[in-house]
Amino acid sequence: MKNLKIYLLFTVVFLSQITQSQTIVEKYGQLRVEGSKIKDECGRNVQLKGMSYFWHQWEGFEYWNADIVKWLRDDWKIQIVRASMGVGAPGCEYLADPENSVEQVKKVIKGAIKHGLYVIIDFHAHKNYKAEAKIFFKEMASEFGNYPNIIYEIWNEPIGDDNNPNPKWEEIKEYSKEIIAEIRSFDPNNIIVVGTPFYSQRVDIVADDRLLTDATGSAVKNIVYTLHFYAASHFETLREKGEYAISKGLPIFVTECARVESSANGTPNPVSWDAWERWMDDNEISYCQWSLSTKHETSATLQPGASIKGNWDYDKDLRSEGKWARDNFRKDIKSVSPCN
């Protein structure tokens, strides 16, 4: 009997260690969309929380590497990173320097695959660059489409008129149909995030007229729609749009959000953030916080000079939003058992 108890205790400890050592991708596996929810391989609802990189061509580009992805996983306890490849803005962005832009994105993708995080490949544009997006996502899907870590965000923040979003949604739909078809020719399963009108806010419009087919006429699957908010600028009115979309069964992914104003500056609004976070938690909506950067703006999380290897000193290397973000991710650690 004594030997049996020792054996059982050893087994419990061993299985616990295995569970703790597995990455989030090993635990959840291949994600899919069912109704308004993201599901894992064994049918459980999934909510992912993590960080978004800043525009790749600007401040913070040096942190686009596997060491930082691992540090964010181990120390900040995040589950997902968003690689925001800048398109159409000044600097060495994708249109001006596609080869180096792609290589920079691949460093984060490979880091996420190596260290078991999910990664959003974000075509971070405001204008319609459909031809360029097709080329980019063909390369991404053909090289990485067989990994369950991958999520595609095909148009970050389409602009347009908040008071007349329908024409913009028609444009986004046609764009999305072609990009989805390009991705699906290589990757039939991984989730695709579709942008929404007026800086990815008008999910209510989309809820009444969602995508049904891609450019080939094939039925779309594993599609979610993005809602972006900045808690010091966006309040109940925008959440009501989100509530309406959810009531219509629309799957939402908040790929970009912060506690500050929509300019990424201004004073953080913790009360508004708490309301938004409760709403996301209650509805099991995944999100990425803006931004992993050294830029001189309130939302940036890192001090200039913070190591490009990670191992950041809490007081010396993190800005106020960086300290808050790390603390917020770490306080919300949930135990996740593997599907197997």
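Position 1 is the first residue of the sequence; numbering continues from there.
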Decide whether [X] and [Y] are clustered together by the hydrophobic rule: side chain heavy atoms of Ile, Leu, Val, Met, Phe, Trp, Tyr closer than 4.5 Å, transitively.
X: Ile120; Y: Ile24; answer: yes
X: Val25; Y: Phe253; answer: yes
X: Ile172; Y: Val203; answer: yes
X: Phe186; Y: Ile154; answer: no
X: Val224; Y: Ile80; answer: yes

How long is the straight-line distance from [atom2] of [Y] back to [atom1] of [X], given to the nearest 0.5 Å?
X: Ser176; Y: Ile183; atom1: OG; atom2: CD1; answer: 9.5 Å
X: Met140; Y: Ile135; atom1: CE; atom2: CD1; answer: 12.0 Å
X: Ile78; Y: Leu72; atom1: CD1; atom2: CG; answer: 4.0 Å
X: Ile180; Y: Thr213; atom1: CD1; atom2: OG1; answer: 9.0 Å
X: Gln104; Y: Ile109; atom1: CD; atom2: CD1; answer: 11.5 Å
X: Ile205; Y: Glu170; atom1: CD1; atom2: CD; answer: 11.0 Å

Student check: side-chain heavy atoms of [X] and [Y] closer than 4.5 Å:
X: Val81; Y: Leu292; result: no
X: Pro251; Y: Arg210; result: yes
X: Phe136; Y: Ile121; result: yes
X: Ile179; Y: Tyr152; result: no
X: Lys130; Y: Glu174; result: no
X: Met51; Y: Phe329; result: yes
X: Glu277; Y: Asp281; result: yes
X: Ile246; Y: Ile285; result: yes

Taking only Lys NZ, Arg NE, NH1 and NH2, and the carboxylate oxygens of Asp or Glu, determine whether [X] and [Y] approach each other closer than 4.0 Å.
X: Lys127; Y: Glu132; answer: no
X: Asp74; Y: Lys70; answer: yes
X: Arg184; Y: Asp214; answer: no
X: Glu236; Y: Arg239; answer: yes
X: Asp75; Y: Lys77; answer: no
X: Asp161; Y: Lys168; answer: no

More than 12 foreign heavy atoms under 6.0 Å from [atom1] of [X]: is that the case here?
X: Lys316; atom1: NZ; result: no
X: Lys138; atom1: NZ; result: no
X: Tyr129; atom1: OH; result: yes
X: Lys107; atom1: NZ; result: no
X: Lys114; atom1: NZ; result: no

Run the side-chain donor-acceptor check on residues 191-198: report pairs under 3.5 Å with partners two or more places apart or on a different chain.
{"unit_1": "Thr196", "atom_1": "OG1", "unit_2": "Gln201", "atom_2": "N", "d": "3.3"}
{"unit_1": "Thr196", "atom_1": "OG1", "unit_2": "Thr226", "atom_2": "O", "d": "2.9"}

The criterion is ring pair (Phe, Tyr, Trp, His ring centres under 6.0 Å); which residues satisfy it with [X], sequence neighbours excluded?
X: Tyr28; result: none
X: Tyr225; result: none
X: Trp58; result: Trp55

Would you say the side-chain atoms of [X] and [Y] include a donor-acceptor pair closer than 3.5 Å?
X: Ser101; Y: His56; value: yes
X: Arg44; Y: Ser337; value: yes
X: Trp312; Y: Gln303; value: no
X: Asn128; Y: Glu171; value: yes
X: Gln289; Y: Asn328; value: no
X: Tyr118; Y: Asn190; value: no

Problem - Cysteines Cys339 and Cys42 with SG distance under 2.5 Å - result: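 In this structure, Cys339 and Cys42 share a disulfide.
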
For [X] and [Y], indicate whether the former's side chain and the latter's backbone hold a donor-acceptor pair under 3.5 Å.
X: Gln79; Y: Lys49; result: yes
X: Thr298; Y: Thr267; result: no
X: Asn45; Y: Lys37; result: no
X: Lys177; Y: Leu212; result: no
X: Asn222; Y: Val33; result: yes
X: Tyr63; Y: Tyr53; result: no
X: Thr294; Y: Pro304; result: no

Handout entry: Where at least one partner belongs to residues 246-274, residue pairs that pass salt bridge (charged side-chain N to carboxylate O under 4.0 Å, His left out), sequence neighbours excluded
Key =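 Output for this query lists Arg82-Glu256, Asp208-Lys248, Arg259-Glu321.
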
Problem - Name of the residue among His126, His228, His234 meeting ring-ring contact (aromatic ring centres under 6.0 Å, His included) with Tyr199 - result: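 Running ring-ring contact (aromatic ring centres under 6.0 Å, His included) over His126, His228, His234 with Tyr199 returns exactly one hit, His126.
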
Exercise for the section: Determine, using ring centers only, whether Trp279 and Trp276 are less than 6.0 Å apart. Expected result: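 Ring centres of Trp279 and Trp276 closer than 6.0 Å.
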
Practice task
For this output row, return yes or no: ring centroids of Phe229 and Trp273 closer than 6.0 angstrom.
Solution key: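 Centroid separation for Phe229 and Trp273: below 6.0 Å.
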
Problem - Closest contact, heavy atoms only, Ala112 versus Val119 - result: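 Looking at all heavy atoms of both residues, the shortest contact is CB-CB, 3.6 Å.
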
Exercise for the section: Output the rest of the hydrophobic cluster of Phe61: all Ile, Leu, Val, Met, Phe, Trp and Tyr residues reachable through side-chain heavy-atom contacts under 4.5 Å, sorted by chain and number. Expected result: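 Its cluster partners, ordered by chain and number, are none at all.
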
